[in-house]
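Scroll down for the structure; my scribbles are underneath it.
In what follows, chains carry the letters A, B, and so on, assigned in the order in which the sequence lines appear, proteins first and then strands, with residues in each chain numbered from 1. None of the values given here were measured: they were computed from a predicted structure.
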There are 2 protein chains.
Amino acid sequence: MEHWDDLKTALHLLRGGTLAAAAQSLGVNYTTVARRIARLEQAVGETLFERLADGYQPTEAARLVGEYVARMEDAQLSLDRRLKGRDQRLSGSLVITAPQLLIVTHLAEVIEAFCAAHPEVDLQVRATNDLLDLNRREADLAIRISETPGDALMGVRLTEQASASFANADWAERIRTRPADRIDWAVYTGLGAVPKASLKAYPNAAVKVQFDDMVALVGAAQRGLGVVRMPMFLGRATPGLVQVPVLEPQPYPSIWVVGHKDVWPSAKVTAFRNILVPFFRGRRAEFVA
Amino acid sequence: MEHWDDLKTALHLLRGGTLAAAAQSLGVNYTTVARRIARLEQAVGETLFERLADGYQPTEAARLVGEYVARMEDAQLSLDRRLKGRDQRLSGSLVITAPQLLIVTHLAEVIEAFCAAHPEVDLQVRATNDLLDLNRREADLAIRISETPGDALMGVRLTEQASASFANADWAERIRTRPADRIDWAVYTGLGAVPKASLKAYPNAAVKVQFDDMVALVGAAQRGLGVVRMPMFLGRATPGLVQVPVLEPQPYPSIWVVGHKDVWPSAKVTAFRNILVPFFRGRRAEFVA
DNA sequence: CTCCATCCATGCACATTTGCATGCCTAGAG
DNA sequence: CTCTAGGCATGCAAATGTGCATGGATGGAG
């Protein structure tokens, strides 16, 4: 058990299932993975993987290895976070993540202010709706729209939010003048139905199309495909959209900034929060009804 | 934090204090240690050790590293033991440890029987009174003379024991014929005094010499330097020594076979116990009064 | 059935890592 | 004060580890 790197390699192979997958996640060539595994098996004196045509099939011993090496990895990730957390420099790398649309409408301004205030910091923004793993330091700080801070251990609520219905000017006019006409909805896949709260006042409504992406949904609304439910800030900030009375303003998950408790005290993370939080305090009106 | 081996190197350097010490415990050249530490500091972006004339002095960050890498090592050692424990082969390496004198008098026979029964096993015996660390698998199985099984988690008492006073034939004769004469004791360093229990019957006694090694003490007794307190089995098995009535038989720590619970079920360890335990059951009389 | 996309094994050349030899520095003994 | 032992840095050559290219095997799509 000389080579801890070989153990790490075995863990990645267990997760990836194939040499190529493990190699990619490790950033090495797959032949290297094969050789490290061979060396590890030599050291352990036991076969860890059956070489099959469709990948390396782990033996029971390999699963045992995986169990304990995962603990090693946990310790390593904790160390990584702790070192990040005690970093008092305002230079070097900082990784944040946020939903694309929030960046477009508001965060770009925050990011710009942060970059101006701390030009030495090498800021990287990961714009995605995916929940990146803050334990693995896929990001140091996350801005999320959700009921709870999520998997991270520290969080500050930036603002509560409401949602409402928006559409383009044509639709707004039509709804105002002929409220009994059929109303087309464009909705997010998964919801798949017209919001119930709107049916009492506007029962003549149906889903016309579903999208699995919020950016696309916004585009659809601009184009006039129908009425879309979205958070207030997004509807208000999108050119060509106006609020329509089809769906009264409703509660919507809050916006949080969350981070791992180990990383939270870091100078760069603190500095970012110190710009982010006041920004949202000052613009609260854009998010609520 | 790419290279886990560098983290391991830092741990050894923290423990050893110097490049040379760390290098030796890792089995590499000390220049390698220096270079791995340099690479690790690069990766962490922080100085971990101050280079001083008398060694590498850890910074606070290095101690943080040490704390978490020790956890990684714990996991690795656990894995090592678990893999050893599930090994059902009766071949390969088996490491046992026992006190030298017990090997000389009794265990040699057990070891011989084991080697005969399992010739494929590569048995290594570490003859020492030091308590090897079974957590670190410095040995798979330990035979120990102590009140408790010690740091290991599984143990079987092989036999209880008594101790008594022994001396060579000259002394035995002298004590028998002139019991009031002064009695010389040779004792183990640390005890440093004549056993109290002997003073009532033989008050005219004094320590003549102290030894820090039991083998040497036995030799001294054979040579006639005086009376020595030792476990029954040792006095009885040592040529030239006879029991003398100066010290009545007294309780003495039992003999245990102990091992880590993870390693205990291993085929080789079990096989060794299966020879060891019956052997002691059958020879109990040699250990008690 | 054939083609193609994956996946794995292996030989060879290159890159990186390691060990060794040398030299410098410091602290402590004589 | 000198001398020595222990500790560290560095250049160079050998050993080891890695990537690339090629070839073989398998399973699913057309």
Side-chain angles (χ1 to χ4, degrees), chain A residues 1-63 65-66 69 72-73 76, chain B residues 1-63 65-66 69 72-73 76 79-80:
Chain A
M1 217 67 85
E2 299 282 291
H3 300 272
W4 283 10
D5 286 343
D6 292 355
L7 292 171
K8 183 181 178 181
T9 303
L11 181 61
H12 283 249
L13 181 53
L14 276 160
R15 287 178 178 153
T18 70
L19 293 181
Q24 181 168 30
S25 72
L26 286 164
V28 299
N29 190 280
Y30 75 92
T31 34
T32 300
V33 176
R35 284 186 281 235
R36 287 187 188 164
I37 296 300
R39 183 171 58 185
L40 179 62
E41 289 180 330
Q42 188 76 18
V44 169
E46 206 159 345
T47 303
L48 295 176
F49 295 88
E50 307 289 344
R51 278 73 168 162
L52 301 180
D54 60 338
Y56 272 44
Q57 193 67 22
T59 63
E60 199 178 334
R63 275 187 283 271
V65 170
V69 180
M72 295 178 72
E73 192 194 40
Q76 186 258 307
Chain B
M1 218 66 88
E2 299 282 291
H3 299 271
W4 282 11
D5 287 343
D6 293 355
L7 292 171
K8 182 180 178 181
T9 302
L11 181 62
H12 283 248
L13 181 54
L14 277 160
R15 288 178 178 153
T18 69
L19 293 180
Q24 180 168 31
S25 73
L26 286 164
V28 300
N29 189 281
Y30 75 92
T31 39
T32 300
V33 176
R35 283 186 282 234
R36 285 188 189 164
I37 296 301
R39 182 171 58 184
L40 179 61
E41 289 181 331
Q42 188 77 19
V44 169
E46 206 160 344
T47 303
L48 296 176
F49 295 89
E50 306 290 343
R51 277 73 168 164
L52 301 180
D54 61 338
Y56 270 45
Q57 192 67 24
T59 63
E60 198 179 333
R63 276 187 283 273
V65 170
V69 180
M72 294 178 73
E73 192 194 40
Q76 187 257 306
L79 170 60
D80 202 31

Checklist outcome for this item: To the nearest angstrom, the CG-C1' distance between B:Leu52 and D:dG7 comes to 11 Å

Next on the checklist: Determine whether A:Arg51 and A:Tyr56 satisfy the following criterion, side-chain contact (heavy atoms from CB on, under 4.5 Å), listing intermediate values before the conclusion.
Outcome noted: CA-CA 5 Å; A:Arg51 278 73 168 162; A:Tyr56 272 44; 3.4 Å; yes

Checklist entry - Among residues 32-41 of chain A, which contact DNA chain D at a heavy-atom distance under 4.0 Å? => result A:Thr32, A:Arg35, A:Arg36, A:Arg39

Checklist entry - Should A:Tyr56 be listed as having a side-chain N or O under 4.0 Å from OP1 or OP2 of C:dT6? => result no

Item to check | Nucleotide of D:dG19, C:dC8, C:dT22 approaching A:Arg51 most closely (side-chain heavy atoms) | outcome: C:dC8

Next on the checklist: What's B:Thr18 touching, base or sugar-phosphate or nothing? Going by heavy atoms closer than 4.0 Å.
Outcome noted: sugar-phosphate

Checklist entry - Hey, is CD on B:Glu46 packed in by over 12 heavy atoms from elsewhere, all under 6.0 Å? => result yes

Checklist entry - When the distance from CD of A:Gln24 to C1' of D:dG19 is rounded to whole Å, what number comes out? => result 16 Å

Item to check | Interatomic distance where NE2 belongs to A:His3 and P belongs to C:dT17 [whole Å] | outcome: 14 Å

Checklist entry - Could you state the CD-P distance from B:Glu2 to C:dT16, rounded to the nearest angstrom? => result 14 Å

Next on the checklist: Tell me whether the side-chain N/O atoms of A:Asn29 come closer than 4.0 Å to OP1 or OP2 in D:dT18.
Outcome noted: no

Checklist entry - Should A:Val33 and A:Ile37 count as side-chain neighbours, where that means a heavy-atom distance under 4.5 Å? => result yes

Next on the checklist: Without decimals, in angstroms, what is the distance between A:Tyr30 OH and D:dG23 C1'?
Outcome noted: 10 Å

Checklist outcome for this item: Heavy-atom nearest nucleotide on DNA chain D taken for A:Asp54 and for A:Gly27; more 5' hit belongs to A:Gly27

Next on the checklist: Output the rounded distance in Å from CG (B:Asp6) to C1' (C:dT18).
Outcome noted: 13 Å

Item to check | Atom-to-atom span, CD of A:Glu50 to C1' of C:dC8 - whole angstrom | outcome: 14 Å

Checklist outcome for this item: note: A:Asp5, atom CG; D:dT16, atom C1'; distance rounded to Å ~ 14 Å

Next on the checklist: Is there a side-chain contact (heavy atoms from CB on, under 4.5 Å) between A:Asp5 and B:His3? Walk through the geometry before answering.
Outcome noted: CA-CA 6 Å; A:Asp5 286 343; B:His3 299 271; 4.0 Å; yes

Item to check | A:Leu11 CG to A:Leu26 CG distance, which is reported to the nearest 0.5 Å | outcome: 9.0 Å

Item to check | Donor-acceptor contact below 3.5 Å, side chain B:Glu41 vs main chain B:Leu48 | outcome: yes

Checklist entry - Would you say the side chain of A:Val28 lies within less than 4.5 Å of the side chain of A:Arg36, judging by non-hydrogen atoms? => result yes

